[in-house]
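This report concerns only the one structure given below.
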Amino acid sequence: MEKAFLNQARLGEFLGILRLFGELHGPTVSHDGVAAFAALGDASALRLDYGRTQIPPKKYLIPFREELLQYRDGSYQESQTNAPDMVLFGLHPCDLDGIAYLDLVFLGDRPDPCYAARRAALTLIGISCEPDDFCFCNDSLETTACDLFLTSRGEGFEVAVLSARGGSIASAAKALLTRSQSALLPTRDASCPIPPQDPQLRFSGNPLWDSFAERCVSCGACSVCCPTCYCFDVREYPGLGGGGTRLREWDNCLFVTHGEVAGANFRGTRLERLRYRFLHKYCGFSPLEGMTSCVGCGRCKKVCPVQIDLRELIETGRQPAAELP
Ligand code: SF4
Ligand code: SF4
């Protein structure tokens, strides 16, 4: 693996090179302190000291609402996905892992064409971060799930090239880069942090669920802010003149409507909905795909208005069953 060094003083020029590969987006912070990925029309808006954005980068791959097709007179026309080339700069390893997880879901056996078009147009450039009290990702601060990864070191950044696209960017920026003597980039352990033995059994009866359900207000913020939550609903809106439009919109498993089918509700209580979300994250998808669907970004704890913290469940999940509270 190639590695190079970028001096901090040349970061502005480096961003200029990145613009050759697509519209440049990165972390910004609003005047009231909310961090968000946004277009960097002005490079001075870039804030690499951000903790975590409120909405994760999944917004670039799964829009809140998108048109899938239009129908009329017994036939339909699929909508075209608008996917201009884009460079997303300054992603932390947990968010890169979140995108790697979405890739497993949306580019698996039956690739989703809308997602695939956006993903193919997206260049990902990661950067190392400083974990805070909300983080619980794996210990390594680097990941290989991107095209380039910048590790902050002294006067600048070590730049690891992790894909052919990353190599093209490094070539275009070679006048800005010097040689780095650093060791190889360590790979991250993406295994599920929960012990695999009987996890469903161990979590389903945990009395913490009752205390969480008493406090939860079903606002759904934890799911909206989660980089790996991707539930969606498909709706059709008929037009007055015949025909209509089919849309796909974000859905939320914390909402009471999520489990409604033909007048019945399979998860009518808050307890059932909370438990469903957690069991899906740790005990549903993870054992099947070998990658946990919680990347430890800490957003759900940070946004929860009643301070529900899934780490409490993870800790009890590590205890032998006989020691559960
Ligand atoms: S469950 Fe919470 S900590 Fe885990 S990825 Fe989602 S928002 Fe981040
Ligand atoms: S953010 Fe907190 S209160 Fe809101 S749905 Fe999630 S767990 Fe419940």
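Atoms within each ligand, like the ligands themselves, are counted from 1 in listed order.
- For ligand 1, the atoms closer than 4.0 angstrom to any heavy atom of Phe136 are 3 (S).
- Within the 4.0 Å heavy-atom shell around ligand 2 one does not find Val303.
- The aromatic rings of Tyr60 and Phe37 sit perpendicular to each other, their planes meeting at more than 60°, with 30° as the lower class boundary.
- For the residue pair Glu272/Thr269, the side-chain donor-acceptor check at 3.5 Å is satisfied.
- At the top of the distance list for atom 5 (S) of ligand 1, counting protein heavy atoms only, stands Val295 N, 3.3 Å.
- Closest to atom 3 (S) of ligand 1, if we only count protein heavy atoms, is Gly298 N, 3.3 Å.
- Heavy-atom contacts of Arg277 reach the following atoms of ligand 1: 1 (S), 6 (Fe) (cutoff under 4.0 Å).
- Ligand 1 places these atoms under 4.0 Å from at least one heavy atom of Cys226: 5 (S), 6 (Fe), 7 (S).
- Between Arg277 and Ser223, the side chains place no donor N or O within less than 3.5 Å of an acceptor N or O (distance only, hydrogens not considered).
- Arg267 and His258 share a side-chain donor-acceptor pair at under 3.5 Å.
- Of the charged side-chain nitrogens involved, none lies within less than 4.0 Å of a carboxylate oxygen, so that Lys58 and Asp95 do not count as a salt-bridged pair.
- Here the heavy atom of the protein found nearest to atom 8 (Fe) of ligand 1 is Cys297 SG, 2.4 Å.
- Looking at Glu67 and Arg246, no side-chain N of the basic residue comes within less than 4.0 Å of a carboxylate O on the acidic one, giving no salt bridge.
- Ligand 2 places these atoms under 4.0 Å from at least one heavy atom of Gly220: 4 (Fe), 5 (S).
- Atom 4 (Fe) of ligand 2 has as its closest protein heavy atom Cys219 SG, 2.3 Å.
- Close approach of ligand 2 to Leu254 is summarised as follows: ligand atoms under 4.0 Å from at least one heavy atom of the residue are 5 (S).
- Ion pairing of Glu312 with Lys301 is absent here, as no side-chain N (NZ or NE/NH1/NH2) approaches a carboxylate O to less than 4.0 Å.
- The pair Asp103-Arg119 counts as a salt bridge, with a side-chain nitrogen and a carboxylate oxygen less than 4.0 angstrom apart.
- At a cut-off of 2.8 Å, Cys222 does not coordinate atom 2 (Fe) of ligand 2 through any N, O or S atom.
- Taking every non-hydrogen atom of Ile308 and a distance limit under 4.0 Å, the qualifying atoms of ligand 2 come out as 7 (S).
- Taking 2.8 Å as the criterion, Cys294 does not count as a coordinating residue of atom 8 (Fe) of ligand 1, since none of its N, O or S atoms falls below it.
- With a 4.0 Å heavy-atom cut-off, ligand 2 is reached by the side chain of Val306 but not by its N, CA, C or O.
- Closest to atom 2 (Fe) of ligand 1 among all protein heavy atoms lies Cys300 SG, 2.3 Å.
- Among the backbone and side-chain atoms of Cys216, an N/O/S atom is found under 2.8 Å from atom 8 (Fe) of ligand 2.
- Atom-to-atom distance recorded for Thr151:OG1 and Phe157:CZ is 10.0 Å, nearest 0.5 angstrom.
- Ion pairing between a basic and an acidic side chain is recognised when a charged N comes within 4.0 Å of a carboxylate O; Arg248 and Asp112 show such pairing.
- Residue Lys301 places every heavy atom at 4.0 Å or more from ligand 1.
- Under the 4.5 Å side-chain criterion, counting only non-hydrogen atoms from C-beta, Leu150 is not in contact with Ser128.
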